[in-house]
Amino acid sequence: MLLDVQNLSISFRTPRGLLPVVEDVSFQLAESEILAIVGESGSGKSLTALSIMRLITDPNAIITGKILFKGEDILTLKEPAMRRLRGGAMAMIFQDPMTALTPVYTIGAQIVEQIRIHTKLPTWQARLRAESLLAAMGIADAQQISRRFPHQLSGGMRQRVMIAMALSCSPALLIADEPTTALDVTVQAQILELLLKLRKEFNSSILLITHDMGIVAQTADRVAVMYAGRIAESGATGDIFAHPMHPYTAGLLAAIPQLHGPRINAFSAIPGAPPAPHEKPAGCAFAPRCAYRIAVCAERPPLLHGPFRQVACFRAGEVA
Amino acid sequence: MTAPILIAENLSKTFHAGRRFGPGGRQNIQALSNVSLKVYPGETLGLVGESGCGKSTLGRTLLKLYTPDAGKIIFQGQDITRMSERALRPLRANMQMVFQDPSASLNPRRRVGDLIAEPLRVHNYGAREKIQARLEELMHLVGLAPEHLSRFPHEFSGGQRQRIGLARAIALNPSLIIADEPVSALDVSIQAQIVNLMADLQEQLDLTYIFIAHDLAVIRQAAERVAVMYLGVIVEIGDTDTVMLTPAHHYTAALISAVPEPNPAARRARTILQGEPPSPANPPPGCRFHTRCPAAQGRCKTERPELRPYGENREVACHFPL
Amino acid sequence: MLAFAILIVIIAACLAAPWYAQNISQSDPFASNLDGSITLAGQPVDIMQSADTGFGVTPIGPTWTQKYFLGADDQGRDVAARILFGGRNSLLIAAGATLICLTLAGLIGIVAGFSGGFVDSILARILDILWAFPVYLLAISLSAVLISRGLKLGPVTIDSDSLLIPIAIIGIVYVPYVARPIRGQVLSLARSDFVLAAVCLGVPRARILWKDILPNVITTLIVFAPLMMALNMLTEAALSFLSIGVQPPAASWGTIILDGEGLLYTRPAVAIAPGLAIMLTVVALNFLGDGVREAFDPRAKIRVQK
Amino acid sequence: MIFLVLLRRLAEMVFVLFSISVLVFLIFFATPGADPAARIAGRGASPATLAAVRHAFGLDQPLPVQYGLMMKHLFITQDLTSFVNPGQLVIPAVLQAVPVTLSLVFGAAVIWLIFAVAIGVTAAALRGSVIDRSLMFLAMAGVSMPVFWLGEVANLITQARFHNTVLFSWVPALGYVPLTQNPLLWFKSLVIPWTVLAVTYIGLYSRVLRANLVEALTEDYIRTARAKGLSERQVIFRHALRMSLITLVSMFGLDFGALVGGGALLIEVVCALPGVGMLTYQALQNLDLPFIMATVMYGAIFIVAANTVVDMLYLLIDPRARGAR
């Protein structure tokens with residue numbers, strides 16, 4: 001198992017008390033697998049991803065649980081050891097390629113910087129490597145592009161650069177946090193295609209954070225659905241889409257507008273809205289919006305259970 | 001066929017950015033180029049395209065929030081293109097707008113009741129009690145409670161704020177609402193609520209919508225007709241089913257093919273468009289799509305295709321339609 | 001909040017100046033008192049003592065008692081009482097200038113930003129030019145001219161020793177500093193979605209200005225107020241120190257520092273005390289400014305990291 | 001392209017300078033109630049004397065002509081003379097004062113930049129800590145002190161009270177010694193004025209730098225830099241500081257220009273340095289209009305030039321300013 005997250009919880013100290021944002025999250029990621037964590041805004045999916053890189057810098061954050069990377073708990077690692085992992089064995093690409101690159105350095109310099117941190121390559125070799133990486137990203141005139149500044153490139157190009165940078169030290173784990181959300185749909189298709197191709201070439205596992213069920217369906221091997229800081233359901237992508245066992249997953253899938261197939265007159269919407277972190281109910285966070293709600297749902301949160309297919313719902317078997 | 005409620009003829013709009021002798025020089029961004037369309041009462045016309053295609057500019061120009069450089073806008077039989085803001089004011093009650101980001105389009109310093117009452121007061125709807133009654137009626141229509149009137153916009157969730165925006169837009173019983181990406185800032189489960197609410201309101205109040213979105217699936221479900229835009233021009237316009245199921249323009253086809261389908265069983269090799277849209281400051285000559293088009297030929301580089309009828313209920317701007 | 005409390009204390013103390021002069025120091029801080037003497041520890045002490053060098057006289061140093069707490073200046077006047085009186089003028093000038101500056105800047109910023117087009121280009125151009133003009137030189141030039149002759153503008157006549165001159169000058173020279181950001185804010189507000197929404201609803205421009213733009217601009221002006229007042233305090237002190245601000249016999253903290261310059265090596269308290277008063281007030285104003293900005297600027301609020 | 005941009009800036013400069021000269025001229029020659037002839041002739045001069053003075057100084061001519069004459073003497077023939085000390089040439093006097101002011105401002109700038117960057121970076125790196133808060137409090141105090149007062153206090157300490165202690169016995173008497181005459185004495189005589197002048201700017205710059213750094217540290221590209229495996233020190237110095245310095249550079253250009261252009265007047269007066277500010281001060285004392293005109297124009301030229309240099313520098317240090325694609 002490349003990555004084994006066990007009972008991860010993240011909360012923030014605030015003037016109003018402790019704010020639990022991620023609660024008791026556990027999942028595994030095998031070698032060269034793509035796991036998608038899918039959820040709506042505020043579900044805690046991005047924080048989960050950042051905590052794996054230990055990139056939550058807020059001094060008020062409290063992180064508990066275990067994050068085992070190649071068997072080692074990275075939450076207990078010393079900072080220098082963590083730095084060697086970051087950008088080396090694990091790398092991350094972010095949502096907004098427009099702001100994720102330092103504006104005052106050239107593309108090439110920024111990739112070279114990363115290579116030089118993690119390898120002993122001299123600058124000229126690092127530069128060659130950066131150019132060949134850019135070429136591998138489908139950038140035609142890599143040599144030219146590496147001399148450009150970020151603002152001179154389009155969003156899609158910048159995301160390719162980000163990916164090239166992330167893959168520059170052949171990471172075992174690539175975390176992609178909403179990598180295409182800021183891009184147009186035709187460019188999104190290019191980037192997703194590229195990620196799938198690179199996974200094979202670099203033999204990296206990918207943790208894909210997204211809100212788009214379409215992207216999940218087209219790319220992920222397995223999927224974990226998050227709602228209000230907890231995993232509602234996880235399993236193989238095909239299973240989840242064919243037979244959602246959590247009422248939230250079922251509702252979410254039904255609410256997606258369909259491009260193909262017949263036009264329907266009304267969407268099936270889930271009533272209400274997800275709770276804010278400070279107003280989560282004591283029991284299941286989805287209960288107030290749930291059609292399958294029973295008395296016990298308001299009392300305690302259901303735990304994620306099951307061997308391969310995991311669901312956190314008291315009535316998991318009954319959801320059609 | 002009934003008369004169109006809104007007609008746009010050959011609208012063009014160019015924005016200027018930068019200074020002539022400033023660093024980077026002066027740029028002319030051609031946001032709209034010869035755009036024509038008709039909107040019929042009671043229908044929902046979808047406007048779809050990628051960022052920078054001019055769909056929002058078109059929406060705002062139709063409402064005269066921007067003045068077009070050329071062309072004509074005829075709303076309910078009146079030419080409003082050169083009308084002064086003062087003369088336009090009574091007509092404004094009949095055409096409204098819903099914005100993408102409700103937290104930006106609602107003044108954060110004013111209470112919800114005050115915000116929704118603004119159009120009523122400006123158009124002399126009536127006495128205080130009459131306005132109050134109307135406010136409560138509106139809140140009910142959009143699925144909010146009357147006690148929400150005394151709160152500030154930031155106390156609401158995104159979906160609720162969009163309901164407030166809708167309440168304000170329908171306050172004066174308009175006939176046309178232009179909704180600029182009304183659901184793209186919302187999560188999927190909330191998106192559906194708002195699309196449903198808009199459909200309900202359309203039925204109850206005889207509204208006509210122009211629904212602007214970048215999400216083809218939303219348009220597919222929300223609009224009967226759709227216009228696909230690329231770099232400031234309409235490349236294809238027609239019945240949603242026709243356009244989406246059997247696209248005639250190569251760009252429409254590529255766009256549809258690029259949308260990831262939420263069905264893992266249907267993973268397929270897609271036709272992926274290469275490159276990215278050229279800058280609107282420097283659009284290519286001829287057909288604007290020819291730089292990325294898989295079927296482009298010599299003629300496409302020089303001769304701009306006009307929108308021409310193609311089959312039933314559809315027009316396409318392509319020399320070699322699918 | 002501490003800053004606010006300190007300011008209140010300073011203002012209260014300055015307001016109590018006449019009471020202090022009458023009941024505590026028991027001397028007229030505006031009349032010279034070269035021949036007087038006070039009783040210190042049972043001994044009569046001259047206020048003006050012969051200097052150690054044998055030439056001239058040196059005023060009494062700080063007694064740390066009721067009378068002549070901080071000693072006397074070269075006219076034998078009670079420095080402590082003068083500082084309280086001077087503080088009134090310093091605060092008044094700074095506050096008055098702030099009011100003028102913010103009003104003018106708000107007006108110019110709104111007119112330029114909201115009318116756009118030709119009016120905007122002209123106003124923006126003028127602001128740019130004034131921006132390039134060294135503030136101190138502008139203030140000094142204006143002061144030098146007006147202080148020497150006063151101002152006669154049609155029916156308005158302002159005497160050369162009127163406080164209105166420094167107030168107006170300090171108020172005007174900083175207008176570009178505030179007007180430029182205000183113009184920028186109005187420009188972006190005028191393009192904001194909620195103003196577009198109002199246009200769409202058929203709201204007349206005057207009403208948009210009044211209901212949607214003005215409240216936002218006023219908030220910004222409030223944020224600017226303490227910071228501008230701090231800046232004005234320092235400017236007033238500088239002008240008065242150059243003897244082109246407050247004119248004698250009136251006093252301000254700046255003029256008292258100037259009075260103390262000649263006594264710097266013998267009776268440093270005369271110059272140091274008003275300087276400390278200025279510093280304390282300006283620090284308090286700056287901290288208050290920070291506090292106000294945090295209260296009004298949503299960006300400064302605590303953010304939960306995403 | 002670059003040539004056109006430069007040309008445009010140059011035209012703007014000339015326009016701004018022209019506007020400033022008109023403004024200054026109007027302030028001194030056309031303010032209602034202010035009659036320059038009365039000032040030259042002294043208070044209580046007879047009408048006949050006044051008329052004579054007016055004629056002698058060309059003040060009886062229409063304002064535009066007077067302005068034109070003034071500008072001609074100032075820039076073209078460069079033989080403008082003082083109203084107060086007839087025969088004293090203005091331009092050489094100003095040129096003689098320039099090195100003093102430059103010495104003062106240049107040294108102070110070195111000090112304030114070094115300290116401001118050190119303090120700003122330290123505070124930002126330790127943001128929220130006691131050290132951060134104390135540094136920022138000190139910085140605020142520095143900004144809040146009247147410069148001339150600080151100068152007097154410094155004089156008091158180094159010239160009188162503690163002059164005889166080891167600490168300050170090396171401080172020479174107030175005044176200026178040219179660098180060419182005695183470099184060591186030049187340095188010694190300027191250390192105190194440099195420090196005093198730098199204090200305000202250390203306060204200002206360190207606060208601005210800290211705020212910029214703290215804001216920059218929340219940016220996405222900083223997260224990217226951390227994700228690359230850079231250490232916090234590398235993140236701050238290579239990425240955050242580089243971005244934050246861009247604003248600081250433009251501030252520095254303007255402040256340097258303003259100081260050289262006359263803003264250092266107060267320090268020059270307090271520390272008895274015969275710089276341009278001192279010249280302005282003396283001219284103001286006896287309202288010597290040609291001198292005021294000359295020093296203000298000199299100041300304006302410096303400030304406008306600094307503005308232009310900053311704009312050009314921007315193109316160099318911030319690639320985004322060079323325009324897209």
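Each chain gets a letter, A, B and so on, in the order its sequence line appears, and its residues count up from 1. Keep in mind that what you see is a predicted model, and the values were worked out from it rather than measured.
Salt bridge annotation for A:Asp177-A:Lys45: absent, with no cationic side-chain nitrogen under 4.0 angstrom from a carboxylate oxygen. With salt bridges taken as basic N to acidic carboxylate O contacts below 4.0 Å, none links B:Lys55 and B:Glu50.
At least one side-chain heavy atom of B:Ile256 sits under 4.5 Å from a side-chain heavy atom of B:Met244. Proximity of B:Ile210 to B:Leu47: side-chain heavy atoms (C-beta onward) are separated by under 4.5 Å at one or more points. A 4.5 Å side-chain heavy-atom check between A:Leu253 and A:Phe241 finds at least one atom pair inside the cut-off.
Between chain A and the residues B:Ala265, B:Pro262, B:Ala222, B:Gly158, the largest count of heavy-atom pairs under 4.5 Å involves B:Pro262. In terms of non-hydrogen atom pairs under 4.5 Å with chain B, the most contact-rich of A:Val185, A:Ile270, A:Leu183, A:Thr186 is A:Thr186. For the set A:Gly272, A:Pro271, A:Ala276, the count of heavy-atom pairs under 4.5 angstrom toward chain B peaks at A:Gly272.
With a 4.5 Å cut-off on non-hydrogen atoms, A:Gln190 touches chain B through its backbone and its side chain both. The contact between B:Gln274 and chain A is made entirely by backbone atoms, counting heavy-atom distances below 4.5 Å. Residue contact with chain A, scored on non-hydrogen atoms closer than 4.5 Å, involves the backbone and the side chain of B:Glu224 alike. Of the atoms belonging to B:Asn263, it is backbone heavy atoms, and not side-chain ones, that fall under 4.5 Å from chain A. With a threshold of 4.5 angstrom between heavy atoms, B:Ala223 approaches chain A through N, CA, C or O but not through any side-chain atom.
Classification of the B:Tyr251-B:Tyr230 ring pair by plane angle, with boundaries at 30° and 60°, yields tilted.
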